[in-house]
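Report on one structure; see the data block that follows.
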Amino acid sequence: MHRTHTAGELRAQDEAKTVTIAGWAHAIRPHGAVTFIDVRDRYGVTQATVGEEFAALTKDLKRESVIKVTGTVKRKPTPNPRLATGEIEIVATGFEVLGPADPLPIEIGADNTDEIRLKYRYLDLRRPDMQHRLALRDRLAASFRENLRKMGFLEIETPLLVKSTPEGARDYVVPSRVHTGRFYALPQSPQIYKQLLMVAGCDRYFQLARCLRDEDLRADRQPEFTQVDIEMSFVEQEDVLAVGDILVHNVIQEVTGKNIGPLPRMTYQEAMDKYGCDKPDLRFGLPLIDVTYIVNSSEFKVFSEAPMTKAIVVPKSLVRKEIDSYTELVKSSKAKGLAFTNVKGGALDGGIAKFLTPEIQANLIQATGAGEGETILFIADKPKIVNDALAKLRNTLGRDLKLYDPEGLSFLWVVDFPLFEWDEDANDWTPAHHMFTMPKPECLQYLKSDPGKVIAQCYDLVLNGVEMASGSIRVHRPDIQRDIMHAMNIPEDEAKQKFGFLLEAFTYGAPPHGGFAIGFDRFCAMLEAESDIREYIAFPKNKSAECPMDGSPGFVSGKQLDELGISLKKL
């Protein structure tokens, strides 16, 4: 038997027991005739006192060697309150080195670079904080599964080798050896297959689905990731949101002990008007105030000639250095600059105040609610630039002014998104979410005449200003699906070639259905106020979509390429 107990479970009540533990030599402290060794495993750390009878084994023992200690549990003369096992030690009667370790290429627990951590990920994962993160991920996955099963959902796997269909990002493609010149794609999501499961009568489906997208990476994005994928039949939007409310509430309460309360709702238009983006962080205020109607008659041309002017009130008086810094920030979102003024003695003072009449000043103070000693910041430009720049500025102000608890959880459903967005580069309509989203019934009339007016039955779940989940009521009628594709200028023969099997399935009786998908890796990270999802993935890729540990993506042999009928050319 390699162990009778883990290195994290022995306590004072176990005194006098004969036990065996095994793990890694976390710390080695020679002290005269004895050596104190901290034995670490996933569950904790226990000190072992190893006598001189084992000196031949402990003399050259290296840290992180795998060892086994048998002995008697005794109380420590001086307990260590920092350890759960700090009241006891094991006095060794047996000692064995199960796996000697060479000197390590990285210092476990040190502040190593990302690239080094990923190259030696199997060592990096030994860190207690990484073990904690993997355990949290497991608890969350188990909680999602348990709660969804209680609500009648079946866990069903969908294929990883699928047909390439346009879903927003580039596909990873897999060549077929059997069918030369033909390719599978790795799924960007199970979207089409979960809809087919609804056609198949499965009623309620879920899956912790692996998704793969060939896109540029950042801290919260990986080429392969996991989503909690959920779909249900015979539902309307409110039914889906109700399931989402219960699911998220229960999972968070079970895993963290926090009660998040009811999840509020907000329309897309309200979010854009008030916060400048469709994923507002509601842990703090600082709403954007549209003052176009107040300042467009002023002599200040920056305001009077702009299609939109919005303001944000800063709950302090900013100094010039701070204003200059925030000006550079908004310029990164294509804003031309940042206008400012302060409230002093019931009027505006400094900055642009000299360009505004007393009446306009009074109206601005009333409209913004700015108080004594506060600074008002303005951006005037096209609506998209104004909203993008002020949304970025608002988030930065919230962080800089410490207006929220960084460990707080603020959820929000954003609903009523537009079905289409105008792509200026392509000079065409593209789906705001995806083309399988059902329009609101009252908007069906605009599909052919004015796609920009079509509001979709889709929704996003936002957590602390980050999109956490996205979903919709799906199109289940082939005539509506064809109208949507027509609005996107997808020819019928192309639609049939790419989505024919789905469109055909709809002709055989498809129920109304809808669902959503939660970004599981991101959910794990944000519960602990961590921005990098790689911290919660066992073996992630770096920012170049490479794995420094195994060297992927790698080259394949000429023989493999010949079998696939593939030849490479220089780009």
Side-chain angles (χ1 to χ4, degrees), residues 266-282 284-401 403 418 422 424 452:
M266 180 181 295
T267 67
Y268 166 84
Q269 195 58 55
E270 182 184 356
M272 295 301 296
D273 291 344
K274 198 171 182 180
Y275 300 104
C277 67
D278 58 11
K279 44 183 182 291
D281 188 343
L282 297 189
F284 62 101
L286 301 189
L288 313 185
I289 302 106
D290 191 336
V291 295
T292 309
Y293 68 101
I294 296 174
V295 300
N296 60 4
S297 61
S298 73
E299 295 182 0
F300 187 44
K301 289 187 176 180
V302 172
F303 288 170
S304 62
E305 295 181 356
M308 174 181 280
T309 302
K310 280 188 176 181
I312 188 169
V313 178
V314 184
K316 63 171 283 189
S317 181
L318 296 177
V319 299
R320 188 73 214 193
K321 183 178 180 181
E322 292 173 311
I323 292 171
D324 289 344
S325 174
Y326 293 135
T327 299
E328 291 305 308
L329 175 73
V330 300
K331 284 183 177 179
S332 68
S333 295
K334 300 182 180 180
K336 298 181 183 69
L338 187 65
F340 78 96
T341 189
N342 301 302
V343 179
K344 184 177 180 182
L348 299 183
D349 178 70
I352 63 168
K354 59 188 175 183
F355 301 112
L356 307 176
T357 65
E359 180 183 4
I360 290 177
Q361 290 189 30
N363 288 338
L364 281 173
I365 292 173
Q366 182 180 17
T368 61
E372 187 70 20
E374 295 183 326
T375 296
I376 310 175
L377 301 175
F378 304 84
I379 292 180
D381 215 306
K382 295 177 182 177
K384 178 172 173 50
I385 292 175
V386 170
N387 284 328
D388 288 351
L390 279 177
K392 190 173 185 178
L393 175 61
R394 175 181 176 270
N395 286 336
T396 303
L397 287 167
R399 183 183 66 246
D400 289 353
L401 301 180
L403 298 181
W422 183 254
E424 292 187 1

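Treat the numbers as computed from the prediction; the structure is a model and nothing was measured. Residue numbers start at 1 and run along the sequence shown.
Across every non-hydrogen atom of A311 and L390, the tightest pair is N-CD1, 4.4 Å. Between V386 and A380 the shortest heavy-atom distance is CG2-C, 4.0 Å. Taking every heavy atom of both residues into account, A391 and Y275 meet most closely at CB-O, 3.4 Å. Of all the heavy atoms in M308 and P383, the pair that sits closest is SD-CA, 3.8 Å. Contact record, T341 with A353: OG1-CB, 3.6 Å, taken as the closest heavy-atom pair. Minimum interatomic distance between A367 and I289 (heavy atoms only, all atoms of both residues): O-CG2, 3.8 Å.
Cation-pi geometry between R320 and F340 is not satisfied (NZ or CZ under 6.0 Å from the ring centre, within 45° of the ring normal).
From N342, atom CG reaches atom CD1 of I323 across 6.5 Å, with rounding to the nearest 0.5 Å. Once rounded to the nearest 0.5 Å, the distance linking CG of L318 with CG of L397 reads 7.0 Å. Atoms OG1 and CG, on T368 and L288 in that order, are 12.5 Å from each other to the nearest 0.5 Å. Atom OG of S298 sits about 12.0 Å away from atom CD of E359, to the nearest 0.5 Å. Going from atom OG1 of T375 over to atom CG of D349 covers 10.0 Å, rounded to the nearest 0.5 Å. Between the NZ atom of K334 and the NZ atom of K384 there is a distance of 7.5 Å, given to the nearest 0.5 Å.
Between the side chain of Q361 and the main chain of L348, a donor-acceptor pair closer than 3.5 Å is present. Between the side chain of S304 and the main chain of N296, no donor-acceptor pair closer than 3.5 Å is present. At distances below 3.5 Å, at least one donor-acceptor pair connects side-chain atoms of E322 with backbone N or O atoms of V319. Between the side chain of K310 and the main chain of D273, a donor-acceptor pair closer than 3.5 Å is present. Here the side chain of E372 pairs a donor or acceptor atom with the backbone of G345 at under 3.5 angstrom. Counting only distance, with no hydrogens or angles, the side chain of R394 and the backbone of L286 share a donor-acceptor pair below 3.5 Å.
Between F378 and F303, the angle of the ring planes lies from 30° to 60°, which puts this pair in the tilted group.
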